[in-house]
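Note sheet for the following structure.
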Amino acid sequence: MLLRLPTSLSEARECVAEGAVPIGGATLVWATFQRDGFPEQAVSLRQLPQATAIGPDVLGSAVRLHQVDDRVPEVLRAAAATVGTGAVRRTATVGGNIVGSTLRCLLPAALVLDARATVLEQSGAYETDLAEVVEKRQLLLSIRWRAPLTSGYHKAAGEAGGPPPLVVASAVHAEGRQHHLRVAVRDGYDVLRATVSCGTGVDPVLDALERSELAALPTGVRETVHAHVRDVLARSGDR
């Protein structure tokens, strides 16, 4: 297998056009390669500046999870810190987790930031909706967002080989004088989300969540969501 390491978008486009298979930390694809055979060529974005960026409003797809630090919002940092073991986080990438994984622990965090994705195809790079990237399994270059006022992430304890643990992510955003709370919940393999106004106290926010898509969640899960939201709103000042 020939591993190609483009350093520019034009080189990366050429790799895609020639059928190179995207590969990041290989924590998810290696077993598939061993089972089904290795491709003639693969492409890694780890030397591409657009895919290795990390900052207060951007995170590249080739960034390894252990590199996700306090330059990004708390919700993303906490999500990355809960994935696998330390050895896994030193290898696994942001793009592999969001697009390649079935668990996608970083996806709820990205959704509550209202993140937009930049993807690469043969025709070039362009911005699109993150949910579309996941559905179509496109080649992700990076995600971008507007910095929230505050954010939080909760991941329940899980057992190896067991069902996916519950994930609750949230972020408070300022839109003019109005504050909005975005919440995303991974229950099993499904991710549900809601956006509600806040700033008038926590009880109206919880009532609004109970009228949202999150109302379909089991009672115990909703109780966990409510406790998480109370904590995040308290830190934002929207009590």
Side-chain angles (χ1 to χ4, degrees), residues 45 48-83 89 92-99 104-119 125-134 140-155 167-186 191-202 204-205 208-209 212 214 225 227-239:
L45 304 180
L48 188 66
Q50 293 88 342
T52 55
I54 180 170
D57 61 356
V58 62
L59 187 59
S61 64
V63 173
R64 287 173 289 173
L65 298 184
H66 82 286
Q67 297 173 308
V68 181
D69 56 22
D70 58 8
R71 287 173 286 180
V72 305
E74 178 184 345
V75 66
L76 272 176
R77 183 171 70 252
T82 65
V83 176
R89 292 190 292 273
T93 62
V94 170
N97 183 271
I98 293 178
V99 182
R104 302 186 177 104
C105 294
L106 269 64
L107 180 59
L111 290 174
V112 299
L113 293 175
D114 199 23
R116 295 281 293 173
T118 299
V119 298
Y126 63 94
E127 188 179 277
T128 188
D129 182 75
L130 187 58
E132 182 176 343
V133 177
V134 173
L140 180 67
L141 288 177
S142 64
I143 58 173
R144 287 186 174 274
W145 59 86
R146 289 186 300 106
L149 298 176
T150 190
S151 62
Y153 186 86
H154 167 78
K155 186 176 183 179
V167 164
V168 183
S170 62
V172 177
H173 297 264
E175 299 177 13
R177 296 184 178 180
Q178 181 68 53
H179 290 180
H180 288 90
L181 173 73
R182 297 181 185 275
V183 182
V185 181
R186 187 191 72 192
V191 177
L192 303 180
R193 48 180 163 162
T195 301
V196 298
S197 296
C198 57
T200 58
V202 66
V205 172
L209 290 177
S212 73
L214 303 188
V225 172
H228 170 83
V229 166
R230 288 181 184 276
D231 177 66
V232 171
L233 291 181
R235 288 190 279 116
S236 74
D238 290 308
R239 304 184 181 208

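Quick caveat, the model's predicted, so the values are computed rather than measured. Numbering starts at 1 and runs along the sequence shown.
Across all their heavy atoms, Thr128 and Glu132 have their closest contact at OG1-OE1, 3.3 Å. Contact between Arg182 and Asp114 at its shortest, heavy atoms only, is NH2-OD2, 3.5 Å. Across Val205 and Ser197, no two heavy atoms sit closer than the pair CG2-O, 3.6 Å. Closest of all the heavy-atom pairs between Trp145 and Leu76 is CH2-CD1, 3.6 Å. When all heavy atoms of Ala80 and Val68 are compared, the closest pair comes out as CB-CB, 3.8 Å. For the pair Ile98 and Val134, the tightest heavy-atom approach, listed with the atom from each and the gap, is O-CG2, 3.8 Å.
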### Message
For a side-chain contact (heavy atoms from CB on, under 4.5 Å) check, start with the C-alpha distance between Val172 and His180, then their side-chain angles and the critical distance, and finish with the verdict.
### Response
CA-CA 6 Å; Val172 177; His180 288 90; over 6 Å; no
### Query
After noting the C-alpha distance and the side-chain angles of Leu141 and Leu48, does the key distance pass the side-chain contact (heavy atoms from CB on, under 4.5 Å) rule?
CA-CA 9 Å; Leu141 288 177; Leu48 188 66; 3.7 Å; yes
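Proximity of His179 to Cys198: side-chain heavy atoms (C-beta onward) are separated by under 4.5 Å at one or more points. In this structure the side chain of Arg104 never reaches within 4.5 angstrom of the side chain of Arg186, judged on heavy atoms. Two residues are said to be in side-chain contact when any heavy atoms from C-beta on lie closer than 4.5 Å; Val112 and Ser151 fail this criterion. Inter-residue side-chain proximity for Thr93 and Ser61 is flagged as unmet; no heavy-atom pair is nearer than 4.5 Å. Counting only heavy atoms from C-beta outward, the side chains of Leu130 and Leu107 approach each other to under 4.5 Å. A heavy-atom distance below 4.5 Å is found between the side chains of Asp69 and Ile54. Residues Leu106 and Val83 have side chains in contact (heavy-atom distance under 4.5 Å, counting atoms from C-beta outward).
Atom CG of residue Leu192 and atom OG of residue Ser212 lie 8.5 Å apart, to the nearest 0.5 angstrom. Taking OG1 from Thr82 and OH from Tyr153, the interatomic distance works out to 4.0 Å, rounded to the nearest 0.5 Å. In this structure, the separation between OG1 on Thr52 and CZ on Arg64 is 11.0 Å, given to the nearest 0.5 Å. Atoms OG and CD, on Ser142 and Gln50 in that order, are 8.0 Å from each other to the nearest 0.5 Å. Distance check: Ile143 CD1 to Thr118 OG1 gives 10.0 Å after rounding to the nearest 0.5 Å. Taking CG of Leu65 as the reference point, atom CZ of Arg77 lies at 14.0 Å (rounded to 0.5 Å).
The stretch residues 191-200 participates, sequence neighbours left out, in no salt bridge (Lys or Arg N to Asp or Glu O under 4.0 Å) pair at all.
Looking at residues two or more places apart in sequence or on another chain, you find a salt bridge (charged side-chain N to carboxylate O under 4.0 Å, His left out) between Asp231 and Arg235.
For the pair Ser170 (side chain) and Val183 (backbone), a donor-acceptor distance under 3.5 Å is absent. With Arg89 contributing its side chain and Ala81 its backbone, the two residues share a donor-acceptor pair below 3.5 Å.
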